[in-house]
Asks: 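Below you'll find the structure I mean.
Numbered from 1 within each chain, the chains take letters A, B, ... in sequence-line order. Model, not experiment: these values are computed from the prediction.
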Amino acid sequence: AQSVTQLGSHVSVSEGALVLLRCNYSSSVPPYLFWYVQYPNQGLQLLLKYTTGATLVKGINGFEAEFKKSETSFHLTKPSAHMSDAAEYFCAAGTYKYIFGTGTRLKVLA
Amino acid sequence: GAVVSQHPSRVICKSGTSVKIECRSLDFQATTMFWYRQFPKKSLMLMATSNEGSKATYEQGVEKDKFLINHASLTLSTLTVTSAHPEDSSFYICSAETSGGSSYEQYFGPGTRLTVT
C-alpha cells in the first residue's frame, strides 16, 4: 500500500534562509507526486507536481522539488524564505486517488 | 482556469439536522470529484470518490448513509451530512479532476467549515 511520510510536523526558518520540507513515499511503483500549500481556513493550492520526465520540478513562488527514485523522496526546497511562505504544506502521492502526508507547518521568523 | 468553488464556506447547524455542501467546477468539466475531510491540525482524509452519473465510492470506514454524495452533472457534486452530530464538525474539502487529464491533477475547492452545535 502507498504511504506518504513528511518528516517534521513543524519547521521554522529565518526569513531569507533555505526552506527544506521532506517527503518520502512508499510505493512499489513511483506514483505521481505533488506538493500543495494550505493557508488557514483555505483549500489547497498546487505548488508543483512530478509525473514523468525531468526529476527536478520547478513550481510557483520559487519552490522546487527533486524526485529521487533511489531514495523514494520528493523534498521541497526554496532558496530564500519569505514571510508569506508561512503556511501548511502537504505532500501527496498517487494517480487516481491521492494519499496525503500529515503536513508540515512552516514558520518563517523575521 | 481550473477553478473549483464550494458553498457554503462556513455553516453552523444544530445536532440532528442535515446540511448540504456544494462543489462546483467553474470552468471545466469534471468527470470525477473527490470529497475529503480534514480534522484540526491534521491531514486530509479521502472520504469518497464520485463520478458523474454513478454512485459514489466510499473509503473504508466512511458511512455512506450519513454522508450522501450526489454527482448530478459534470460540474456539480454535493455532499449532504445527514443527522449531523458534533463529531461531524470538520473542514470538508472537495476536489475535481478534469476529463481526459493525463496527469491526474486534482483541483481543490476552498473548503467548507462545518460546525455542529
Asks: Does some side-chain heavy atom of B:Leu44 sit less than 4.5 Å from a side-chain heavy atom of A:Leu44?
Replies: yes
Asks: Heavy-atom count check: over 12 atoms from other residues, nucleotides or ligands less than 6.0 Å from A:Arg22 CZ?
Replies: no
Asks: Should the heavy atoms of other residues, nucleotides or ligands under 6.0 Å from NZ of B:Lys20 be counted, would the total exceed 12?
Replies: no
Asks: Tell me, side chain or backbone of A:Phe100 under 4.5 Å from chain B's heavy atoms, or both, or neither?
Replies: both
Asks: Are B:Leu76 and B:Leu68 connected in a single hydrophobic cluster, I mean Ile/Leu/Val/Met/Phe/Trp/Tyr linked by side-chain heavy atoms less than 4.5 Å apart?
Replies: no
Asks: Are A:Val19 and A:Leu33 joined in one hydrophobic group, where the rule is that I, L, V, M, F, W and Y side chains link up if heavy atoms are under 4.5 Å apart?
Replies: yes
Asks: For A:Gln38, is it the side chain, the backbone, both, or neither that has a heavy atom closer than 4.5 Å to a heavy atom of chain B?
Replies: side chain
Asks: Within the distance-only criterion (no hydrogens, no angle test), does the side chain of A:Tyr32 pair as donor or acceptor with the backbone N or O of B:Glu105 below 3.5 angstrom?
Replies: no
Asks: Check whether B:Val11 and B:Phe91 end up in the same hydrophobic cluster, where Ile, Leu, Val, Met, Phe, Trp and Tyr are linked by side-chain heavy atoms less than 4.5 Å apart.
Replies: no
Asks: Can you tell me if NE2 on B:His85 sees more than 12 non-hydrogen neighbours from other groups inside 6.0 Å?
Replies: yes
Asks: Measure the spacing between CG of A:Leu46 and CZ of B:Phe108 and express it to the nearest 0.5 Å.
Replies: 9.0 Å
Asks: Looking at A:Gly101, is its backbone amide N or carbonyl O close enough to the side chain of B:Ser43 to form a donor-acceptor pair, meaning the two atoms are under 3.5 Å apart?
Replies: yes
Asks: In the single-linkage hydrophobic clustering (I, L, V, M, F, W, Y; side-chain heavy atoms under 4.5 Å), do B:Met45 and B:Ile21 co-cluster?
Replies: yes
Asks: So, for A:Lys97 and B:Glu59, which heavy atoms are closest and what is the spacing to 0.1 Å?
Replies: NZ-OE2, 2.8 Å
Asks: Report which part of B:Thr112 has an atom under 4.5 Å of a heavy atom belonging to chain A: side chain, backbone, both, or neither.
Replies: neither
Asks: Between A:Tyr98 and B:Tyr36, is the ring centre distance below 6.0 Å?
Replies: no
Asks: Got a second to check how far B:Gln38's CD is from A:Glu88's CD, nearest 0.5 Å?
Replies: 7.5 Å
